[in-house]
Protein chains: 2
Amino acid sequence: MPPQITPFFGMESQTLYTSYGNVIFMQEITGLELSPKKVEYLKFLFKKGELVRTTDISSQLGVDPSTSTKTLGDLAESGYVDHIPYRGVRLTDVGARYAEFLINRHNILSLMLTHYGLSSEDACEEASRFESFVSRSAVDRICSSMGHPTVGVCGKIGHVSCDIS
Amino acid sequence: MPPQITPFFGMESQTLYTSYGNVIFMQEITGLELSPKKVEYLKFLFKKGELVRTTDISSQLGVDPSTSTKTLGDLAESGYVDHIPYRGVRLTDVGARYAEFLINRHNILSLMLTHYGLSSEDACEEASRFESFVSRSAVDRICSSMGHPTVGVCGKIGHVSCDIS
DNA sequence: AAATTGTTTGGATAGATACCAAATATAAGA
DNA sequence: TCTTATATTTGGTATCTATCCAAACAATTT
């Protein structure tokens, strides 16, 4: 088994540090590191806060508990969550920070869509479908171009994760 | 082997008719019927026009020829292209119409992004990443909200495929 | 302690995408 | 035409994501 990769954030919130054994890598987060479903997991976990049970997640995301166990295992391996078997999962610091970005991204993109006549519901649904493929830099630019709105149609928008302020 | 599904367009271009044996289904096209890579294939084929060789496609899309042969097989099975073995592929009528929608979608989305300060190149790249997950109805609304622009940053925008005119 | 409920593991499947090596077809050169 | 070169396809395999089911296992409740 290779040394565990453990991502963590640096002072600048758009940078992610990763340790591999005793070597440290610094990398920009692109916003494209997680698959659509994993993005859903992280957003859900953040909204719940605290220790979340497998069944909570599986029922909320409409999948079998065994599916969520597996996915949570992946997220744990990547350092986004801590998994206490038979107890539940909790976001790590990195996971929570990353989830904040994910939620902001969702909120910014859905807000953007309402500017083109989509209803809040449609905008939200639409954004959920494609958001995982929108880069952080694009989101930053959209956000800044909209004047860093603090309220979206799907919730509040924070700006800790923004490049440009 | 089940009877071949053959999609074709009706008079209203946002509707797709599908025959299965002697039964005919009418279905709205959602814009979500093709995977990202298949969208690339169709857009490329449309831009080339005429019979396109497997190697053209594979070199352009940066994949092994065997990969493009397989993907083209899928597209042929779904009725978007005609494949003449060892000769090349050509879009069917349905494929060409669908590809027009795909190209419009790309152009509308990338144009939209430039309104938020993204460069043409970035907008194009960004749109390419997420466009497959944006529904036709959303594109229609964005298009109409932008006043049905005829020129985008990635090429001309037609409106045959638009719901609202 | 036994039964119920919640969780995990193992196995299997499916779709998307990809490559390689081998077989086959077409085209070009001699 | 025969041979060689090039293009294409086939078959096999792989990875990643996502899923489910059944069985094993842990925790909780009665």
Side-chain angles (χ1 to χ4, degrees), chain A residues 1-2 5 30-45 48 50-90 98 102 128-134, chain B residues 1-2 5 30-45 48 50-90 98 102 128-134:
Chain A
M1 205 191 297
I5 292 175
T30 63
L32 307 175
E33 24 283 292
L34 290 183
S35 69
K37 209 67 194 185
K38 286 182 181 134
V39 167
E40 267 193 74
Y41 279 71
L42 249 59
K43 290 193 297 178
F44 178 72
L45 289 173
K48 289 289 277 189
E50 273 317 297
L51 196 67
V52 182
R53 316 225 61 171
T54 296
T55 315
D56 257 21
I57 301 169
S58 69
S59 68
Q60 208 63 34
L61 304 196
V63 297
D64 192 275
S66 65
T67 302
S68 55
T69 298
K70 279 204 173 74
T71 306
L72 259 7
D74 288 353
L75 289 170
E77 211 179 324
S78 311
Y80 295 101
V81 304
D82 284 327
H83 185 202
I84 304 128
Y86 294 100
R87 276 290 138 86
V89 279
R90 189 193 306 279
Y98 198 79
L102 297 180
S128 300
R129 207 167 334 92
F130 72 78
E131 62 190 25
S132 317
F133 306 97
V134 181
Chain B
M1 204 191 299
I5 292 175
T30 63
L32 308 174
E33 23 283 293
L34 290 182
S35 68
K37 209 67 194 185
K38 285 182 183 137
V39 166
E40 267 195 73
Y41 278 71
L42 248 60
K43 289 194 298 178
F44 178 73
L45 290 173
K48 290 289 277 190
E50 273 318 296
L51 195 68
V52 182
R53 315 226 58 171
T54 295
T55 314
D56 257 21
I57 301 170
S58 68
S59 67
Q60 208 63 33
L61 304 197
V63 297
D64 192 276
S66 64
T67 302
S68 56
T69 299
K70 281 206 172 74
T71 305
L72 258 6
D74 288 353
L75 288 171
E77 211 180 322
S78 312
Y80 295 101
V81 304
D82 283 327
H83 185 204
I84 303 127
Y86 294 100
R87 277 288 137 87
V89 279
R90 189 193 306 278
Y98 198 79
L102 297 179
S128 301
R129 208 166 337 91
F130 71 77
E131 61 190 24
S132 317
F133 306 97
V134 181

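All heavy atoms count here, side chains included; hydrogens, waters and symmetry mates do not. Below, read A as the first sequence line, B as the second, and so on, with proteins coming before strands; counting in each chain starts at 1.
- Side-chain atoms of S78(A) do not come within 3.5 Å of backbone N or O of L75(A) as any donor-acceptor pair.
- A distance-only check finds a donor-acceptor pair linking the side chain of E33(A) to the backbone of G31(A) [under 3.5 Å].
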Discussion item. How would you summarise protein contacts on nucleotides 21-30 of chain D per nucleotide, using B for base, S for sugar-phosphate only and - for none, with heavy-atom distances below 4.0 Å?
Written reply: B---BSSS--
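- Distance, L61(A) CG to dT17(D) P: 17 Å, rounded to whole Å.
- Few gaps surround NZ on K43(B); more than 12 heavy atoms of other groups in view lie less than 6.0 Å from it.
- Residue T69(B) is in base contact, counting any heavy-atom pair closer than 4.0 Å across all strands shown.
- A sub-4.0 Å separation between OP1 or OP2 of dG15(C) and a side-chain N or O of S35(B) is absent.
- Taking atom NE2 on H83(B) and atom P on dA25(C), their separation rounds to 14 Å, with Å as the unit.
- A straight line from NZ of K38(B) to C1' of dT17(C) spans 9 Å, rounded to a whole angstrom.
- Y41(A) and S68(A) get closest at one heavy-atom pair: OH-CA, 3.3 Å.
- In this entry the distance linking CG of L72(B) with P of dT9(D) reads 8 Å, nearest Å.
- Here the side chain of R53(B) pairs a donor or acceptor atom with the backbone of Y86(B) at under 3.5 angstrom.
- Straight-line distance from the CZ atom of F133(A) to the P atom of dT17(D): 11 Å, rounded to whole Å.
- R129(A) places a side-chain N or O within 3.5 Å of a backbone atom of F133(B) that can act as its donor or acceptor partner.
- Nearest to the side chain of K37(A), among dT19(D), dT17(D), dT17(C), sits dT19(D).
- The nearest whole Å value for the distance from the CG atom in L75(A) to the P atom in dT17(D) is 11 Å.
- Rounded to an integer number of Å, the gap from I84(A) CD1 to dT8(C) P is 10 Å.
- Residue D56(A) contributes atom CG, which lies 17 Å from atom P of dT5(C) at whole-angstrom precision.
- For the pair K37(B) and E40(B), the salt-bridge criterion is met [side-chain N within less than 4.0 Å of a carboxylate O].
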